[in-house]
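This report refers to the structure that appears directly beneath it.
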Amino acid sequence: MPPSIGLLGGSFDPIHLAHLELARCALQQLGLDEVWLIPAGSPWQRGALGADARQREDMVRLAAQADARLRVLDLELLRSGPSYTMDTLRELQAAHPERGFVLLLGADQLENFLSWKDWERIAASADLAAAPRPEHELRPAPELLAALRAGGHRLLRLHMPPLAVSATLVRDHAARGLDLRGLVPPAVADYIERHHLYRPHPAPHGHP
Ligand code: ATP
């Protein structure tokens, strides 16, 4: 079944312009109907997050307003415990048996793929589409290609210029009070400012 829905999961702490460009390229180059943005409830490979789940979801919803083909799914936010991609994929495939899904990811996550929980089952269950990212190679591990092939799936390559935007950079800019325009959509920049997100904690009283 050719994929018609792209799934883009992430911490989205916060969502930024490279996420949106990745989604746009996938829609265009893979001929998808929609991209579903899936904020992770508790990203298991990450430490403490800067914004809480509600705030990350709010920002994803603000960013998704730019394109009617972007949908926001809260299933990982509602699930307790760590967010595993295989659980999400299984749930979505059961709920939408008529749809083909493709998992969208950046080159950093492609490099990291063999550390994902159940990576072999994921690769046997859906196509992957990877986008370039600065300082990362779009070179899949041979084991990954073998697992995709075993399930009749493929690794697709998205063509976009490597964009030096990351959520880490956005948080760093916000912490230093720098302008976020050019990194996140204006509505997300306003949200971060209004909610004082990613600001350094004030020093405890009596300390410099
Ligand atoms: P952080 O800097 O906090 O690690 P991030 O910018 O990597 O975050 P995530 O929410 O962790 O953002 O990423 C979600 C997905 O989007 C991942 O598959 C990631 O590879 C991809 N992605 C994020 N930024 C880019 C980028 N600049 N180019 C291509 N893919 C990206």
Side-chain angles (χ1 to χ4, degrees), residues 5-30 32 35-53 55-64 70 72-74 76-77 82-86 88-89 101-117 119 122-123 126-141 144 155-176 178 180 182-185 188-189 191-192 197-198:
I5 304 292
L7 303 178
L8 180 58
S11 313
F12 297 126
D13 189 24
I15 190 163
H16 54 66
L17 293 180
H19 294 132
L20 296 173
E21 182 60 13
L22 198 169
R24 199 187 62 77
C25 288
L27 283 161
Q28 190 182 51
Q29 294 168 27
L30 308 180
L32 303 176
V35 167
W36 295 354
L37 302 167
I38 310 177
S42 126
W44 64 285
Q45 288 196 337
R46 291 273 309 260
L49 295 166
D52 66 30
Q55 292 167 331
R56 291 183 292 111
E57 181 188 3
D58 284 349
M59 293 189 279
V60 174
R61 289 195 187 281
L62 287 170
L70 298 178
V72 184
L73 264 53
D74 60 3
E76 291 194 356
L77 296 167
S83 297
Y84 294 124
T85 302
M86 191 61 223
T88 301
L89 192 56
F101 292 102
V102 53
L103 287 183
L104 310 178
L105 72 178
D108 56 311
Q109 290 302 326
L110 185 69
E111 273 177 6
N112 202 18
F113 199 83
L114 300 198
S115 74
W116 289 24
K117 185 170 182 287
W119 69 266
I122 299 171
D127 289 341
L128 301 183
R133 197 166 182 181
E135 293 164 40
H136 294 278
E137 296 285 331
L138 262 190
R139 200 181 307 123
L144 173 56
L155 172 67
L156 306 157
R157 284 159 206 271
L158 296 172
H159 301 283
M160 67 181 231
L163 297 175
V165 180
S166 66
T168 305
L169 183 71
V170 177
R171 294 193 299 272
D172 181 64
H173 270 51
R176 294 194 285 142
L178 299 176
L180 301 182
L183 297 177
V184 296
V188 174
Y191 187 99
I192 291 172
L197 296 182
Y198 312 122

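Whatever order the structure lists ligands and atoms in, that order sets their numbers, starting from 1. Along the sequence shown, residues are numbered consecutively beginning with 1.
Every atom of ligand 1 is numbered from 1 in the order shown, and the set under 4.0 Å from a heavy atom of A167 is 1 (P), 2 (O), 3 (O), 5 (P), 6 (O), 8 (O). Listed by number with element, the atoms of ligand 1 under 4.0 angstrom from any heavy atom of G10 are 10 (O), 14 (C). Applying the 4.0 Å criterion to heavy atoms of P132 picks out, from ligand 1, the atoms 28 (N), 29 (C). Every atom of ligand 1 is numbered from 1 in the order shown, and the set under 4.0 Å from a heavy atom of A18 is 25 (C), 26 (C), 27 (N). For ligand 1, the atoms lying closer than 4.0 Å to a non-hydrogen atom of G106 are 18 (O), 19 (C), 20 (O), 21 (C), 30 (N). Less than 4.0 angstrom separates some heavy atom of T168 from each of these atoms of ligand 1: 1 (P), 2 (O), 3 (O), 4 (O). Interface atoms of ligand 1 facing L105, defined by a heavy-atom separation under 4.0 Å, are 18 (O). Below 4.0 Å from some heavy atom of L163 lie the following atoms of ligand 1, by number and element: 27 (N).
In this structure, of Q109, R133, H19, the residue bringing a heavy atom nearest to atom 13 (O) of ligand 1 is H19.
At least one N or O atom of F12, backbone or side chain, sits closer than 3.5 Å to an N or O atom of ligand 1. Polar contact check, A107 against ligand 1: no nitrogen or oxygen pair lies under 3.5 Å apart. For ligand 1, the polar-atom distance check finds an N/O of D108 within less than 3.5 Å of one of the ligand's N/O atoms. In terms of N/O distances under 3.5 Å, ligand 1 is approached by V165. Any N or O atom pair closer than 3.5 Å counts here, and L8 shares no such pair with ligand 1.
Note: L155 CG to F113 CZ = 9.5 Å, rounded to the nearest 0.5 Å. Note: L158 CG to Q29 CD = 5.5 Å, rounded to the nearest 0.5 Å. Taking CG of L7 as the start and OG1 of T85 as the end, the distance is 9.5 Å to the nearest 0.5 Å. To the nearest 0.5 Å, atoms CZ (R24) and CG (L27) are separated by 9.0 Å.
Of the heavy atoms in H16, only side-chain atoms (C-beta onward) come closer than 4.0 Å to ligand 1.
Shown here are the side chain to side chain contact (heavy atoms under 4.5 Å, CB included) partners of Q55, two or more places apart in sequence or in another chain: A51, D52, Y191, H195, L197. Annotation: salt bridge (charged side-chain N to carboxylate O under 4.0 Å, His left out) contacts of E57 (sequence neighbours excluded): R61.
The closest side-chain heavy-atom distance from L163 to P134 is not below 4.5 Å. The side-chain heavy atoms of I15 and L62, taken from C-beta on, include no pair separated by under 4.5 Å. Between R171 and S166 there is no side-chain heavy-atom pair separated by less than 4.5 Å. Residues L144 and L128 have side chains in contact (heavy-atom distance under 4.5 Å, counting atoms from C-beta outward).
Across all non-hydrogen atoms, the minimal contact from V72 to A64 is CG2-CB, 3.7 Å.
A side-chain donor-acceptor contact under 3.5 Å links R56 to the backbone of A40.
Ligand 1 is never approached by P162 to a heavy-atom distance shorter than 4.0 Å. Put simply, no part of D13 is less than 4.0 Å from ligand 1, judged by heavy atoms. Residue-ligand proximity: G9 is placed with a non-hydrogen atom under 4.0 Å from ligand 1. Close to ligand 1: R171, with a non-hydrogen atom less than 4.0 angstrom away.
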